[in-house]
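This is the structure I have questions about; it appears just below.
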2 protein chains.
Amino acid sequence: MAEEKAGKAAGIAPAQGAPRRNQRPLSIKDIARIARVSHPTVSRALQNSPLVNAKTAEKIRKIADESGYRASAVARGLVTRRTRTIGLVVTTVADPFASEVVCGVEQTANDHGYSVFLADSHADPERERKVVRAFAERRVDGILVTSSRVGALYLPMLKEMEVPIVLVNDQHPGAFVHSVMIANFEGMRAVAEHLLGLGHRRIAYLGDQFGYQSDAERLAGYRAALEAAGLSAAPELIAHGNSKPDAAMAAMERLLAARPTAVCCYNDMTALGALRQIRARGLRVPEDFSVTGFDDLFFAEYLQPPLTTVRQPMRRMGQLAMESLLRLMEGEESVPQIRVEAELVVRASTGRVKE
Amino acid sequence: MAEEKAGKAAGIAPAQGAPRRNQRPLSIKDIARIARVSHPTVSRALQNSPLVNAKTAEKIRKIADESGYRASAVARGLVTRRTRTIGLVVTTVADPFASEVVCGVEQTANDHGYSVFLADSHADPERERKVVRAFAERRVDGILVTSSRVGALYLPMLKEMEVPIVLVNDQHPGAFVHSVMIANFEGMRAVAEHLLGLGHRRIAYLGDQFGYQSDAERLAGYRAALEAAGLSAAPELIAHGNSKPDAAMAAMERLLAARPTAVCCYNDMTALGALRQIRARGLRVPEDFSVTGFDDLFFAEYLQPPLTTVRQPMRRMGQLAMESLLRLMEGEESVPQIRVEAELVVRASTGRVKE
DNA sequence: TTGTACGCGTTATCAA
DNA sequence: TTGATAACGCGTACAA
């Protein structure tokens, strides 16, 4: 057998430019030949079809197992028109929030026999084009997008694809049907209420880049809490960063001019920069100044002082998104908007207002 | 045309259980029909082959473009026997080191027309099996493994695959040929020398799980520095964690019993836990105690105090690994061991010994 | 310069 | 219960 196979492979025209793999993997026909059955029978046996004789099936499976045969998902995908792959787009994996979501997605996908194509867009329109194009060519069965900072042209491209799409933390409400998101409004309102309860009256908000949905919702939650307390959110107490520590430092510097006693940061990465700027000004946290985050990233509890924040079940959100996508890919219905609760986690970065 | 196609698709037997995609994507034959040429001509035109009439090629490309045609990478992979995909295994993406490497790999892969299958192993033997199996079935052209905490059975499985493999931070020296790694020894030695230069004499080492290569190398660097200074590394000054902050807290507690004045942590995640434990004991950093990390993760400079550490060019390492894999997949040679330099970054978590 | 014919490794359909 | 045979969508000899 082996010789026959090798001979056949050697008979193929030699590689001219691109190096052709010399030793091609075993095919279903190889197994069929060894088992002295037809290749459809092998196919059936390996799929545990009841239409094949039990003993024959057993023999076939034994041969397949011992020879290390692996059915080609490529060929299967061609005929079944389902690749059992999904495309997962992130702005960048090198972001703790995204990587937690990716982790949840990947686990769930694998548990259901799906493989995940990962693609970083880096919010670069050129890359976005390539990503969507690649997913289309790969014939992915579905697409998952997380925390997209997507360009305008990206949306129509995605929608052109005839596969289900689920978003995590949709920043473009209305553009897509299915999404998983956290209770941004309630989460940030709880944070602001916590600070108000500690006696703070001049509370700043350090947001994400302007125009994104989750920032808008968190800002609204902040506003609602202040207004419920009879305060109004002064414009000079509101600034925007871009979810990165360095931009947060700059924004925090401007905010400090307005003399707040506390700041609600859009997320933990932002809090990282805010904290640094606050200390650079000689203020102690929480004695002189209170700081809060959002996400509860792994480092939040290890900061000095440990960061008061809102826990976002990132991995779980990835899992929920993937489960939703699985349903859609099976042609079933799925809840359009899945919403997870936000949990305030009080640590030591917030304290009673100084006076 | 469209009607003909729709009619054809509709003629397919209706879905019985699994929902069949109703509207199948345009195929090369569809384009050929519209352009009134044969499908090989379309294939040639789209590959910018010189063997096709310039005007015909132009027309074909225009039609393909306007119709949103995307050649199936699945079908192409079947015939060319190259999928232009790679498999990327990480212990977990939800780790800042891994996600930076992933980022570098993904970028480089995409720039070269490769798509990346991401798989988390979670150091779980069962998952490892499934990952390798999936990669084999997907017919990936190559495999990249980063910071593997791999089980024993995993190795032979990987090696069975007839595709090139490159490791980032190989923890199993000798098992694989190609890898990218950092100068662990020199990096940690520089750290220890830095502490010695600050007058420290009782310097502890808080390592990774015992038995891994990078931990062994870093420990050796630490030892070398001490011995060069006429000191010997006392056993009670050496402890092991598992690269996670909580294990580091526990290990640090034990180390403190030996009364060190400084600790060299295996990496930044470990330092996170060490710092917390040190403070819990009422020690100030760096006044009473010095702490160092390794990796220079994004949060290192934002800690209070900013962490002295060793910069590891993680993204670049991912890029180098991918470039090496690209060469191997092209059948070329590649440097077996790629080694990147380690750079000591002195910040404020280290200071002169107290006395 | 183009078209015909074939094969890639599967699954699906039919007949036996 | 099994085996021919035909797709799936592409690339590529070879012929025209």
Side-chain angles (χ1 to χ4, degrees), chain A residues 5 8-9 11-18 20-21 24-33 35-60 64 69-84 136-139, chain B residues 5 8-9 11-18 20-21 24-33 35-60 64 69-84 136-139:
Chain A
K5 180 154 204 311
K8 189 183 170 194
I12 296 280
Q16 354 155 321
R20 191 165 251 79
R21 191 140 306 129
R24 69 173 64 177
L26 287 169
S27 82
I28 195 169
K29 289 183 183 173
D30 296 317
I31 305 301
R33 208 178 310 131
R36 302 184 178 285
V37 293
S38 68
H39 74 268
T41 300
V42 175
S43 178
R44 288 186 277 255
L46 265 30
Q47 292 175 66
N48 296 315
S49 160
L51 299 115
V52 59
N53 180 289
K55 292 184 67 174
T56 326
E58 187 51 44
K59 185 178 77 176
I60 293 172
Y69 167 70
R70 295 285 181 267
S72 165
V74 180
R76 180 183 296 136
L78 186 58
V79 49
T80 62
R81 318 180 110 290
R82 299 191 71 190
T83 55
R84 299 203 169 267
E137 291 180 350
R138 299 291 177 189
R139 300 292 193 262
Chain B
K5 180 154 203 313
K8 189 184 172 195
I12 298 280
Q16 353 153 314
R20 190 165 251 76
R21 190 136 308 128
R24 70 174 62 177
L26 288 168
S27 83
I28 195 169
K29 287 183 182 171
D30 296 317
I31 305 301
R33 208 178 310 130
R36 301 183 178 288
V37 293
S38 67
H39 80 264
T41 301
V42 175
S43 178
R44 287 187 277 255
L46 265 29
Q47 291 176 67
N48 297 314
S49 160
L51 298 117
V52 59
N53 180 287
K55 292 184 69 176
T56 323
E58 187 53 43
K59 184 177 77 176
I60 293 172
Y69 168 70
R70 295 284 180 269
S72 164
V74 179
R76 179 183 296 137
L78 187 57
V79 48
T80 61
R81 317 182 110 283
R82 299 192 71 192
T83 55
R84 299 202 168 269
E137 291 180 348
R138 299 290 178 189
R139 299 293 192 264

### Message
Measure CG/B:Asn53 against P/C:dT2 and give the value in whole Å, please.
### Response
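From B:Asn53 CG to C:dT2 P: 5 Å.
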
### Summary
Side-chain atoms of A:Ala71 come closest, of D:dG9, C:dT10, D:dT2, to C:dT10

### Query
OP1 or OP2 of C:dT10 less than 4.0 angstrom from a side-chain nitrogen or oxygen of B:Arg139, does that happen here?
yes

### Query
Is A:Ala73 touching bases, backbone alone, or none of the nucleic acid, heavy atoms closer than 4.0 Å?
nothing

### Task
Pull out every residue in residues 40-48 of chain B that has a heavy atom closer than 4.0 Å to any atom of DNA chain C, ordered by number, or say none.
B:Pro40, B:Thr41, B:Arg44

#### Entry: Rounded interatomic separation in angstrom, taking CG from B:Leu51 and P from C:dT4
17 Å

#### Entry: Phosphate OP1/OP2 of C:dT4: any B:Ser38 side-chain N/O under 4.0 Å
no

### Closest approach of A:Arg76 to A:Ala71 (non-hydrogen atoms, all atoms of both residues)
NH2-CB, 3.3 Å

### Rounded distance in Å - CZ (A:Arg76) to C1' (C:dC8)
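It is 15 Å, rounded to the nearest whole Å.
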
## Note on the structure
Rounded to whole Å, the CZ-P distance (A:Arg138 to D:dG9) equals 17 Å

#### Entry: Phosphate contact (D:dC8 OP1 or OP2) by A:Arg81 side-chain N/O below 4.0 Å
no

### Query
Out of curiosity, B:Arg138 CZ to A:Arg84 CZ, how far, rounded to the nearest 0.5 Å?
9.0 Å

#### Entry: Options D:dG3, D:dC8, C:dT2, nucleotide nearest the side-chain atoms of A:Leu78
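The answer is D:dC8, which lies nearest to the side chain.
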
### Message
How close do B:Ala75 and A:Leu78 get, counting heavy atoms only, and between which atoms?
### Response
CB-CD1, 3.7 Å

### Heavy-atom pair with the smallest gap, counting every atom of B:Val42 and B:Ala32
CG2-CA, 3.5 Å

### Message
Set out, in order, the CA-CA distance, both residues' side-chain angles and the distance that settles side chain to side chain contact (heavy atoms under 4.5 Å, CB included) for B:Arg139 and B:Arg81, then state yes or no.
### Response
CA-CA 8 Å; B:Arg139 299 293 192 264; B:Arg81 317 182 110 283; over 6 Å; no

### Task
Can you tell me the distance, in whole Å, between the CD1 atom of B:Ile28 and the C1' atom of D:dC8?
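B:Ile28 atom CD1 is separated from D:dC8 atom C1' by 14 Å.
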
### Query
Considering only heavy atoms and no angle criterion, is a donor-acceptor pair shorter than 3.5 Å present between the side chain of B:His39 and the base of D:dG9?
no

### Message
Side-chain N or O of A:Tyr69 versus OP1/OP2 of C:dG9: is the shortest distance under 4.0 Å?
### Response
no

### Least distance between heavy atoms, B:Ala57 atom then B:Val52 atom
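Shortest heavy-atom separation between B:Ala57 and B:Val52 comes out as CB-CG1, 3.8 Å.
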
#### Entry: Distance in Å, B:Ile60 CD1 paired with B:Leu46 CG, rounded so as to fall on 0.5 Å steps
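If I round to the nearest 0.5 Å, the distance is 7.5 Å.
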
### Query
A:Val37 near the nucleic acid: base, sugar-phosphate alone, or nothing, with a heavy-atom cut-off under 4.0 Å?
sugar-phosphate

### Query
B:Thr56 side chain N/O closer than 4.0 Å to the phosphate oxygens (OP1, OP2) of C:dT2?
yes

### Query
C:dG9 C1' sits how many Å from A:Asp30 CG, rounded?
10 Å

### Message
In this structure, how many angstroms lie between the C1' atom of D:dG11 and the CD1 atom of B:Ile60, rounded?
### Response
15 Å

### Straight-line distance of B:Ser72 OG to B:Leu26 CG, nearest 0.5 Å
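Atom-to-atom, B:Ser72:OG and B:Leu26:CG are 12.5 Å apart.
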
### Protein-nucleotide distance (A:Glu137, atom CD; D:dC8, atom P), rounded to Å
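Roughly 20 Å, once rounded to whole Å.
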
### Query
Under 4.0 Å between a side-chain N/O of B:Arg24 and OP1 or OP2 of D:dG9, yes or no?
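Yes, because at least one side-chain N or O of B:Arg24 sits under 4.0 Å from OP1 or OP2 of D:dG9.
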
